[in-house]
Amino acid sequence: MAYARIAGTGSYLPGRVLTNAELEKMVDTTDEWIVSRTGIRERRVAADDEVTSELAEKAARQALAMAGVGPSDIDLIVVATTTPDQVFPSVGCLLQNRLGIHNGGAAFDVQAACAGFVYAIDVANRYFHTDGAQCALVVGAETFTRIIDWDDRNTCILFGDGAGAVVLQAANEPGIIATHLHADGKYHELLNVPAGVSANYAQILEGEAYTRMQGSEVFKWAVKALGDIVVETLEQSGYGKEDIDWLVPHQANIRIIRATAKKLGLGMDQVVVTVDRHGNTSAASIPLALDEAVRDGRIQRGHKIILEGFGGGFAWGSVLLAF
Ligand code: COA
């Protein structure tokens, strides 16, 4: 059996920093409220002419360099995004072209909102088991601020833009040890952009297709679902809490992250936190955090890591891996 192993990581953040102090001038909020309720101090905002596939390309090139592979070695591209450049082609195809890959490998997008990256890893991992994939690029990339209503204090303080990427390579041992995915569409109204191509298209044309959220309901569900999934991940894989070196969580809210870490019995020194500087970058948040901790040396080869994500749908999931 062939396994998938992370051979390299990369990330990219747009240059523009949006601070809580600036948000205080835009909506009725305070730095103190935002920090105490979310842990967020600042976030990045893509330039008007920066598109998701461009962010993805910059993160992907870093991951390729760390893995020591060239674009032509990539036989599969899976991009997790909720904010693609266009309706179609997929960001996967646009990224493939940007990287100059024309070897006929598959390229596509996965949309599972903030759980997108764990969904994308799950999908890519299966190609190693069943389809002989040798070298895959898995990316989470978002220009999420494009679907933010800057007059809505409930949401505009939370989100940011960015991209993160991993190169997965075939290996004799995992690698990706286990993945667990869940969804329940019953909750679609609690967190969504209620417009698209076949519903409320006028909102898109008028540039008013924005994220709507019932924050406290989402909060409760996220804490419950993520607590349950880390327990499920350990129980079903036969690993104990003491076997886990790092939690690399989706970065939505420091209070949700703390609750999940507590469930795992991990101290916050074993949790990679970027939410203070990145805000919630949706599908990009997990690979952005992973890359930061790999590059600063916290995450070492052989470490056991749990990735977890939760988002609109609801969709949620986890990945247990040996780095
Ligand atoms: N500044 C100041 N006050 C704000 C505010 C802001 N930016 N946003 C909301 N408020 C107000 C609300 O209007 C409410 O006022 P009211 O009591 O007078 O009605 C009050 O703060 C409390 O709101 P509530 O929603 O109960 O706060 P909370 O403790 O749940 O925190 C969130 C709000 C959004 C930070 C929190 O619910 C959250 O993080 N939810 C999950 C969001 C998330 O992770 N989404 C993405 C999932 S991937």
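Just the heavy atoms: all of them, side chains too, but no hydrogens, waters or symmetry mates, feed the values below. Counting convention: from 1, in listed order, for ligands and their atoms alike.
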Heavy atoms only: which of V218, T30, T29, V27 lies closest to atom 1 (N) of ligand 1? T29
Please could you name the atoms of ligand 1 that N253 approaches to less than 4.0 Å, counting only its heavy atoms? 35 (C), 38 (C), 39 (O)
Minimum non-hydrogen distance to atom 35 (C) of ligand 1, winning option of I34, I254, T38: T38
Using 30° and 60° as the class boundaries, would you call the ring planes of W221 and F314 parallel, tilted or perpendicular? tilted
Taking atom 28 (P) of ligand 1 as the reference point, the nearest protein heavy atom with its distance: R37 NH1, 3.5 Å
Is any heavy atom of the protein nearer than 4.0 Å to atom 20 (C) of ligand 1? no
Non-neighbouring partners of D152 that pass salt bridge (charged side-chain N to carboxylate O under 4.0 Å, His left out), sequence neighbours left out: R212
Counting only N and O atoms by type, is there a donor-acceptor contact under 3.5 Å from the side chain of D161 to the main-chain atoms of A46? yes
Could you list which atoms of ligand 1 come closer than 4.0 Å to a heavy atom of H250? 48 (S)
Residue, atom name and distance, where the atom is the protein heavy atom closest to atom 44 (O) of ligand 1: A252 CB, 3.3 Å
Side-chain contact test, heavy atoms from C-beta onward, threshold under 4.5 Å: evaluate it for L18 versus R44 and give yes or no. no
Does T155 have a heavy atom less than 4.0 Å from any atom of ligand 1? no
Is any side-chain heavy atom of D75 closer than 4.5 Å to a side-chain heavy atom of I101? no
The answer for which part of S216 has a heavy atom under 4.0 Å from ligand 1 is both
With hydrophobic residues grouped by side-chain heavy-atom distances under 4.5 Å, do I305 and M66 end up in a single group? yes
Spell out, yes or no, whether L288 and I254 are grouped together once hydrophobic residues are joined by side-chain heavy atoms under 4.5 Å, including indirect joins. no
Walk me through it: do T19 and E42 pass the test side-chain hydrogen bond (donor to acceptor under 3.5 Å, both in side chains)? CA-CA 4 Å; T19 63; E42 60 186 42; over 6 Å; no
Atom 9 (C) of ligand 1 sits nearest the protein heavy atom N154 OD1, 3.2 Å
Ligand-side contact atoms (ligand 1) for residue partner F310, heavy atom cut-off under 4.0 Å: 48 (S)
Heavy-atom count check: over 12 atoms from other residues, nucleotides or ligands less than 6.0 Å from N172 CG? no
Can you tell me the protein heavy atom closest to atom 31 (O) of ligand 1 and the distance? R255 NH2, 3.6 Å
I need the atoms of ligand 1 closer than 4.0 Å to a non-hydrogen atom of D28, numbered in the order shown. 1 (N), 2 (C)
Could you identify the single nearest non-hydrogen protein atom to atom 40 (N) of ligand 1 and state the distance to 0.1 Å? G215 O, 2.9 Å
Tell me, which protein residue and heavy-atom name are nearest atom 14 (C) of ligand 1, and how many Å apart are they? R153 NH2, 4.7 Å
Quick test: of every protein heavy atom, which one is nearest to atom 10 (N) of ligand 1, and how far off is it to 0.1 Å? W33 CZ2, 3.4 Å
Is there a continuous path of hydrophobic side-chain contacts, each under 4.5 Å between heavy atoms, that joins L64 to V79? yes
If hydrophobic clusters are built from ILVMFWY residues whose side chains come within less than 4.5 Å, do I157 and V273 share one? yes
Within the 4.0 Å heavy-atom shell around C114, which atoms of ligand 1 are there? 48 (S)
Part of N280 with heavy atoms under 4.0 Å of ligand 1, whether side chain, backbone, both or neither: side chain
Could you tell me how the ring of F159 sits relative to the ring of F144: parallel (under 30°), tilted (30 to 60°) or perpendicular (over 60°)? parallel
Atom 45 (N) of ligand 1 [closest protein heavy-atom partner, distance rounded to 0.1 Å]: M213 SD, 3.3 Å
